[in-house]
Amino acid sequence: MSTQQPDDTIRAIEATLFASEEPMSVEALAGHLGGLENAIVRDGLQSLQEHYADRGVHLVERGKRWHFETAPDLAHLLRREREQVRRLSRAATEVLAIVAYHEPVSRAEIESIRGVQTAKGTLDVLMEAGWIKLAGRREVPGRPVIYATTQEFLDHFGLSSRRDLPGIDELKAAGLLDPVDDAYDALQEEAEAAMQASQEADDHDEDEADALEGLDEPAA
Amino acid sequence: MSTQQPDDTIRAIEATLFASEEPMSVEALAGHLGGLENAIVRDGLQSLQEHYADRGVHLVERGKRWHFETAPDLAHLLRREREQVRRLSRAATEVLAIVAYHEPVSRAEIESIRGVQTAKGTLDVLMEAGWIKLAGRREVPGRPVIYATTQEFLDHFGLSSRRDLPGIDELKAAGLLDPVDDAYDALQEEAEAAMQASQEADDHDEDEADALEGLDEPAA
Amino acid sequence: MNDDGLLIDMPGSTDDASDWAGPAAPAKGDDSALYLELEGWEGPLDLLLDLARRQKVDLRQISILALVDQYLGYIEKAEALRLELAADYLVMAAWLAYLKSALLLPKDEQEDPSPEELALRLQLRLQRLGAMREAAARLMARDRIGRDIFLRGAPEGLRIDRKTQWKSDSFALIQAYGQVKARTAPKIYHVSDRPVMTLESALDRVSAMLGLTLEWMEIREFLPPHAEPRLRKSALASSFVAALELARLGKAEIAQEEIFGEMRIRRIKQ
């Protein structure tokens with residue numbers, strides 16, 4: 001690791017590679033820096049590479065071209081995931097339940113069981129959650145795709161198999177088949193969820209705008 | 001210049017700022033790095049800034065946001081043939097300076113300083129460049145819109161904050177950022193005070209000099 | 001600058017190779033150059049400022065009278081060249097001509113605001129504009145991003161993927177299914193049989209009973225004697241309708257003394 005002050009050649013190579021939009025060869029660097037000798041550029045690159053070896057950014061050579069890149073052990077910083085726990089909406093829960101009880105099942109079948117139209121997004125959410133998957137196509141006219149539950153679904157809901165799901169009679173005994181006038185509620189909920197999703201996207205934008213605003217203020 | 005091996009926080013800040021497409025605030029960095037404390041991020045930035053101080057790339061703070069950029073003394077090497085900075089008309093540069101030094105400022109105020117009407121296009125050009133923005137309305141009759149400079153303005157001109165504007169302290173001290181009316185009143189008061197002082201010193205010679213007269217004449 | 005500061009020579013005559021050709025000193029007598037320069041100036045205050053700077057002195061010490069002279073000279077010259085002057089220029093010229101005359105007149109003949117005040121204000125304005133113009137130049141001369149300073153050419157970019165972790169439980173699942181079932185199950189309505197007296201049988205019964213006597217009979221007397229209450233209700237309704245039908249056919253008459261009172265029926269003798 002070089003600790004002494006870098007000389008001007010090194011600084012110039014450093015700045016050039018930093019600002020370049022593409023990796024640069026020794027020759028291109030030499031040319032850019034007013035016709036330096038290749039050997040000098042090579043020495044400079046060598047010393048820069050050593051300097052950056054234990055930093056958060058590395059100087060690397062790929063196919064004779066040099067560029068800076070994030071240290072491999074920090075690559076995870078480039079792509080962060082922010083997890084957010086959300087409760088499944090009632091509409092999505094209904095669809096999931098129908099898939100679980102009737103699988104494999106097509107969207108049209110789900111709709112006919114639910115008695116209401118099902119937003120495309122609802123199935124997407126369930127796929128994203130990893131609880132349902134495509135299970136081929138039904139060999140009927142139109143060959144609709146059919147859905148089935150996954151192992152993850154069983155894990156999440158603590159079921160060892162689909163047979164663990166209570167049957168209709170048990171549901172009745174538990175009073176779960178008592179009519180509830182909730183088709184409207186479910187639809188309402190679906191609409192609300194959609195609205196919320198779009199609001200969240202907006203909020204995100206606003207946050208950013210706010211951040212900008214705050215930063216922009218002159219320290220008068 | 002720090003010579004010892006950078007710790008993981010510093011490496012992470014370094015990598016994040018290198019990779020970021022935009023300058024980042026301490027808060028944004030802390031958030032990105034999984035909720036580090038701001039103070040720790042600030043320390044890390046400080047130490048990185050020192051480390052890079054004599055390198056070809058510098059770490060700088062602009063309006064509370066940080067980014068890496070090439071060292072100014074290397075400009076002659078890096079300056080690109082195709083000029084990327086659009087040339088502003090003289091009128092536009094003056095308007096920009098007036099907004100920067102007087103912000104927030106209305107169009108009428110800009111015009112009263114320049115003594116000429118400002119074409120609508122001039123403000124548009126500056127807004128399009130991202131250097132000025134609407135900053136609300138002045139709560140006076142007519143509620144004129146007022147303009148202020150942006151974060152990008154600070155970035156582009158390499159200013160840490162508006163206090164960094166060249167010569168702003170001197171201009172302020174000299175009253176050159178005050179409206180003409182205020183300056184005139186101040187001068188008048190000064191002149192009266194001077195007259196009073198000279199009257200006291202020389203009390204049998206009253207009614208002599210019009211203090212204002214002196215102001216228009218060159219101090220020979 | 002000469003002694004009293006109000007009578008200054010045109011600085012153009014000093015030929016001090018100024019950094020730019022001011023309008024008061026048209027470049028080497030080239031008339032067309034004047035016109036081109038005119039385009040570069042946007043208005044009177046601007047032009048005055050340039051004139052002021054050409055005196056190469058501190059604006060605070062500049063002679064407004066000299067400045068006015070130069071400006072008026074410029075306007076005159078421009079007119080001689082038949083240049084079209086913006087109204088701005090002419091308004092300023094008129095104002096400055098007034099200011100000049102005021103500055104030359106003895107003080108006691110003057111009104112408010114005094115020419116000194118006007119001159120001072122003009123000076124203050126010029127100073128402020130000059131300061132801003134200088135500030136603009138300093139700003140533009142800074143190391144600017146994209147010209148002197150460069151950001152990273154190919155930043156990898158930071159991306160934050162928002163991932164939603166969905167949560168639910170088996171009770172919610174089962175309950176949801178139950179509700180779907182409950183909501184969509186075909187509904188069957190059971191209508192249980194109940195004893196009724198049809199209109200036909202009531203008609204037969206009422207006509208038969210009326211045939212026995214010519215006396216008034218209360219409608220309840222036509223009902224089957226030991227009927228259960230529900231059949232009785234039905235019989236009452238049917239018997240009433242039967243009575244109305246018989247009345248319509250002219251076979252019986254109906255009487256009721258008061259609302260909700262006893263209803264009586266009697267055969268009409270034919």
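Here is the naming used below: chain letters follow the sequence lines, and residue numbers restart at 1 for every chain. Quick caveat, the model's predicted, so the values are computed rather than measured.
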Examine whether an atom of His32(B) lies under 4.5 Å from a heavy atom of chain C, and if so say whether it belongs to the side chain, the backbone or both; otherwise answer neither. side chain

Measuring only between side-chain heavy atoms, which start at C-beta, is Leu120(C) closer than 4.5 Å to Gln188(B)? no

Could you have a look at Glu170(B), His76(B), Glu69(B), His67(B) and say which one has the most heavy-atom pairs with chain C under 4.5 angstrom? Glu69(B)

Report the distance from atom CG of Asp73(B) to atom CG of Asp143(C), rounding to the nearest 0.5 Å. 9.0 Å

Is it true that a side-chain atom of Arg152(C) and a backbone atom of Leu17(B) form a donor plus acceptor pair closer than 3.5 Å? no

How far apart are the C-alpha atoms of Met132(C) and Ile110(B), what are their side-chain angles, what is the distance that settles it, and do they pass the side-chain contact (heavy atoms from CB on, under 4.5 Å) test? CA-CA 11 Å; Met132(C) 280 303 104; Ile110(B) 295 169; over 6 Å; no

If you compare all heavy atoms of Tyr184(B) against all heavy atoms of Glu117(C), which two are closest, and at what distance to 0.1 Å? OH-CG, 2.8 Å

Give, for atom CZ of Arg147(C) and atom CG of Leu78(B), the distance between the pair rounded to the nearest 0.5 Å. 13.5 Å

Value for CG (Leu139(C)) from CH2 (Trp131(B)), rounded to nearest 0.5 Å, stands at 8.5 Å

Which atom of Asp148(C) lies closest to which atom of Thr70(B), heavy atoms considered: O-OG1, 4.1 Å

Main-chain N/O of Glu94(B) paired with Arg133(C) side-chain donor or acceptor, under 3.5 Å: no

Contact origin within Leu165(B) toward chain C - heavy atom pairs under 4.5 Å: side chain

Quick one: closest heavy-atom pair of Leu88(B) and Met140(C), and the distance? CD1-CE, 3.9 Å

Which of the residues Gly175(B), Ala100(B), Pro23(B) is involved in the greatest number of heavy-atom pairs with chain C at under 4.5 angstrom? Gly175(B)

Given that the side chain runs from C-beta out, which part of His102(B) has a heavy atom under 4.5 Å from chain C: side chain, backbone, both or neither? side chain

Return yes if some donor-acceptor pair links the side-chain N/O of Arg144(C) with the main-chain N/O of Phe157(B) below 3.5 Å, else return no. no

So what's closer than 4.5 Å to chain C heavy atoms on Leu171(B): side chain, backbone, both or neither? side chain

From CG (Leu158(C)) to CE (Met24(B)), nearest 0.5 Å: 5.5 Å

Which atom pair, heavy atoms only, marks the closest approach of Pro155(C) to Phe18(B)? CB-O, 4.0 Å

Does a side-chain heavy-atom distance below 4.5 Å link Asp181(B) with Arg121(C)? yes

Considering the options Arg128(C), Gln123(C), Gln127(C), which one meets the side chain to side chain contact (heavy atoms under 4.5 Å, CB included) requirement together with Val180(B)? Arg128(C)

Do Ile149(C) and His58(B) have side chains that approach each other closer than 4.5 Å (heavy atoms only, starting at C-beta)? no

Find the one option among Ala19(B), Gly115(B), Gly158(B) whose heavy-atom pairs under 4.5 Å with chain C are most numerous. Ala19(B)

Using heavy-atom distances under 4.5 Å, tell me whether Pro179(B) contacts chain C through its side chain, its backbone, both, or neither. backbone

To the nearest 0.5 Å, what is the distance between CD (Glu156(C)) and OG1 (Thr16(B))? 10.5 Å

